[in-house]
Amino acid sequence: QVQLVESGGGLVQAGDSLRLSCAVSGRTFSSYAMGWFRQAPGKEREFVAVINWSGGSTRYADSVKGRFTISRDNAKNTVYLQMNSLKPEDTAVYYCTTHPSAEYIRDGRYLEVWGQGTLVTVSS
């Protein structure tokens, strides 16, 4: 059974950086696209970033483009989200997810596998 475990969240100040990690077990990691979503208090879960199986293609939400970078290490079965120039509006629980299709992750469709989330709090 596939399992996703996020880590790396915390409390930072505006302008700081954080790197989130998502370790995957129970499936052939390198065959699947990976994505990050976030959910702020009182809001719906929203797409943040996606990376295809090889790491050669990435897509980002407009709100994080130029500040966040998604990457993956297939040897370590881990996907990362490097977050720079953090803003208070980036405060949310961040979740990773997986699907064979990067397009489905970007569109938020048919996503059945999620981690437990890691909380990122950015103070002003």
Side-chain angles (χ1 to χ4, degrees):
Q1 184 173 347
V2 62
Q3 194 170 21
L4 281 61
V5 179
E6 301 97 336
S7 61
L11 172 63
V12 297
Q13 294 187 331
D16 286 350
S17 298
L18 273 178
R19 188 176 80 155
L20 306 183
S21 300
C22 174
V24 181
S25 61
R27 72 167 30 158
T28 306
F29 178 75
S30 59
S31 298
Y32 289 78
M34 297 294 302
W36 287 95
F37 282 69
R38 66 186 182 186
Q39 187 167 20
K43 295 187 177 181
E44 294 187 354
R45 192 174 298 187
E46 65 175 1
F47 167 76
V48 175
V50 61
I51 188 166
N52 75 333
W53 66 274
S54 69
S57 176
T58 58
R59 297 288 296 271
Y60 297 91
D62 288 343
S63 58
V64 307
K65 203 171 295 183
R67 299 187 298 122
F68 290 12
T69 302
I70 188 171
S71 62
R72 66 189 295 158
D73 185 336
N74 286 348
K76 295 182 178 180
N77 286 10
T78 301
V79 62
Y80 304 98
L81 186 68
Q82 177 66 43
M83 307 185 294
N84 299 330
S85 302
L86 283 162
K87 304 176 181 179
E89 50 263 44
D90 294 320
T91 294
V93 178
Y94 284 71
Y95 300 89
C96 65
T97 188
T98 178
H99 195 278
S101 169
E103 299 299 316
Y104 281 8
I105 290 177
R106 186 195 65 188
D107 296 341
R109 290 187 291 166
Y110 309 117
L111 303 180
E112 299 179 344
V113 182
W114 297 89
Q116 83 289 348
T118 186
L119 176 63
V120 173
T121 304
V122 184
S123 64
S124 58

Should [X] and [Y] be regarded as members of a common hydrophobic cluster, given that ILVMFWY residues are connected when their side-chain heavy atoms come within less than 4.5 Å of each other, either directly or indirectly?
X: Tyr80; Y: Ile51; result: no
X: Val2; Y: Val5; result: no
X: Ile105; Y: Leu20; result: no
X: Val50; Y: Val64; result: no
X: Leu86; Y: Leu119; result: no

I'd like to know if the side chain of [X] and the backbone of [Y] have a donor-acceptor N/O pair within less than 3.5 Å.
X: Ser31; Y: Trp53; value: no
X: Glu103; Y: Asp107; value: no
X: Thr91; Y: Val122; value: yes
X: Arg45; Y: Ala40; value: no
X: Arg109; Y: Tyr104; value: no
X: Asn52; Y: Ser57; value: yes

- Query: So does Gln116 have more than 12 non-hydrogen atoms from other groups sitting under 6.0 Å from CD?
  - Reply: yes
- Task: Count the heavy atoms belonging to other residues, nucleotides or ligands that lie under 6.0 Å from CZ of Arg59, then report whether that count exceeds 12.
- Result: no
Pairwise side-chain contact, [X] with [Y], heavy-atom cut-off 4.5 Å (strictly under):
X: Glu112; Y: His99; value: no
X: Val79; Y: Trp36; value: yes
X: Tyr60; Y: Thr69; value: yes
X: Met34; Y: Cys22; value: yes
X: Leu4; Y: Val113; value: yes
X: Met83; Y: Val120; value: yes

Roughly how far, to the nearest 0.5 Å, is [atom2] of [Y] from [atom1] of [X]?
X: Tyr94; Y: Thr118; atom1: OH; atom2: OG1; value: 10.5 Å
X: Thr121; Y: Asp90; atom1: OG1; atom2: CG; value: 11.0 Å
X: Leu18; Y: Leu11; atom1: CG; atom2: CG; value: 9.0 Å
X: Gln82; Y: Ser17; atom1: CD; atom2: OG; value: 5.5 Å
X: Gln13; Y: Ser123; atom1: CD; atom2: OG; value: 5.0 Å
X: Ser63; Y: Phe68; atom1: OG; atom2: CZ; value: 7.5 Å

- Test of ring centre spacing under 6.0 Å for Tyr95 and Phe37: no
- Task: Taking all non-hydrogen atoms of both residues into account, name the closest pair between Ser101 and Ala33 and its distance.
- Result: C-CB, 4.0 Å
- Over-ring placement of Arg38 relative to Phe47, 6.0 Å and 45° cut-offs: no
- Task: Compute whether any side-chain donor of one residue and acceptor of the other, for Thr78 and Asp73, lie under 3.5 angstrom apart.
- Result: no
